[in-house]
Amino acid sequence: MTDNQFSSEESFLRILEEMNHEGGFSRSVLATSEGLPIASAPMSPDHELASAMIAMLHQVSVETQDHLALAPVDEVTIRTEERVHLVCRTISSGGDWICLCALVPPGQVYRRATNKAVRRIREVIEE
């Protein structure tokens, strides 16, 4: 692993931690289009399961976008009966994409914190 890759992973982890704190999120994960985890906060053994779910959600959004002739999907949100939200934001990375997901407790707003995190992630990618 190069120093730049290590530095990026540290930056992504810090961004997720700050986003969770600012938004009151219980956890978050950043994953590749293949569902491979890049970073998660807090770290947990099931982040691979979350990453796989992210890849699945993205595939559903792409297929829906194609079938309904929609513009590219920016966000997919799932809400449980308990009003917990799983928010997934797509971030373009060159010709590919990565996905930022956050588990948002009931009653919490999330858009400002996720927008800020998306901007910061793009800055790290462009370095």
Side-chain angles (χ1 to χ4, degrees):
M1 179 177 293
T2 67
D3 288 341
N4 191 34
Q5 287 172 317
F6 186 69
S7 175
S8 293
E9 288 179 22
E10 286 181 335
S11 296
F12 292 142
L13 179 58
R14 194 168 34 255
I15 291 167
L16 294 181
E17 289 171 343
E18 290 173 6
M19 179 187 72
N20 288 354
H21 178 72
E22 179 182 334
F25 308 153
S26 52
R27 59 187 298 233
S28 58
V29 64
L30 187 64
T32 67
S33 58
E34 293 84 25
L36 300 173
I38 298 169
S40 65
M43 288 296 291
S44 74
D46 66 346
H47 68 273
E48 290 168 354
L49 176 63
S51 296
M53 191 167 70
I54 290 168
M56 180 193 66
L57 287 173
H58 180 73
Q59 184 61 35
V60 168
S61 69
V62 167
E63 289 176 9
T64 302
Q65 171 188 330
D66 289 345
H67 291 312
L68 298 177
L70 298 172
V73 175
D74 172 62
E75 175 181 300
V76 174
T77 304
I78 296 175
R79 187 182 74 184
T80 70
E81 289 179 354
E82 294 86 23
R83 299 199 175 274
V84 172
H85 289 79
L86 173 63
V87 177
C88 297
R89 299 281 308 271
T90 302
I91 305 166
S92 177
S93 174
D96 207 359
W97 62 271
I98 57 178
C99 193
L100 169 67
C101 285
L103 196 56
V104 182
Q108 293 291 109
V109 294
Y110 61 86
R111 194 67 181 186
R112 178 178 288 157
T114 59
N115 280 345
K116 183 177 177 181
V118 166
R119 278 192 305 275
R120 292 182 62 209
I121 290 166
R122 283 188 178 128
E123 290 171 2
V124 171
I125 292 169
E126 293 171 1
E127 287 181 347

Go through the side-chain N and O atoms of Glu10 and Ser8 and say whether any donor and acceptor fall under 3.5 Å apart. no
Between Thr114 and Phe25, is a side chain to side chain contact (heavy atoms under 4.5 Å, CB included) present by the stated rule, with each step listed? CA-CA 10 Å; Thr114 59; Phe25 308 153; 4.1 Å; yes
Show the nearest heavy-atom pair for residues Ser26 and Pro42, with the distance to one decimal. O-CD, 3.5 Å
Between Glu18 and Arg120, is a side chain to side chain contact (heavy atoms under 4.5 Å, CB included) present by the stated rule, with each step listed? CA-CA 11 Å; Glu18 290 173 6; Arg120 292 182 62 209; 2.5 Å; yes
His85/Ile78 under side chain to side chain contact (heavy atoms under 4.5 Å, CB included): CA gap, chis, key distance, verdict: CA-CA 6 Å; His85 289 79; Ile78 296 175; over 6 Å; no
Spacing of CD belonging to Glu75 relative to CZ belonging to Arg111, to within rounding of 0.5 Å: 4.5 Å
Can you find a heavy atom in the side chain of Phe12 that is under 4.5 Å from one in the side chain of Val124? yes
Please step through side chain to side chain contact (heavy atoms under 4.5 Å, CB included) for the pair Ile91 and Ile125, ending with a clear verdict. CA-CA 10 Å; Ile91 305 166; Ile125 292 169; 4.3 Å; yes
Salt bridge (charged side-chain N to carboxylate O under 4.0 Å, His left out) partners of residues 82-93, not counting sequence neighbours, each pair once: Asp74-Arg89
Going by the rule side chain to side chain donor-acceptor pair (under 3.5 Å), which residues pair with Glu81 if we only count those two or more places apart in sequence or in a different chain? none
Out of Leu16, Thr32, Ile121, Leu13, which residue meets the side-chain contact (heavy atoms from CB on, under 4.5 Å) rule with Ile38? Thr32
Side chain to side chain donor-acceptor pair (under 3.5 Å) partners of Glu22, counting only residues at least two apart: Lys116
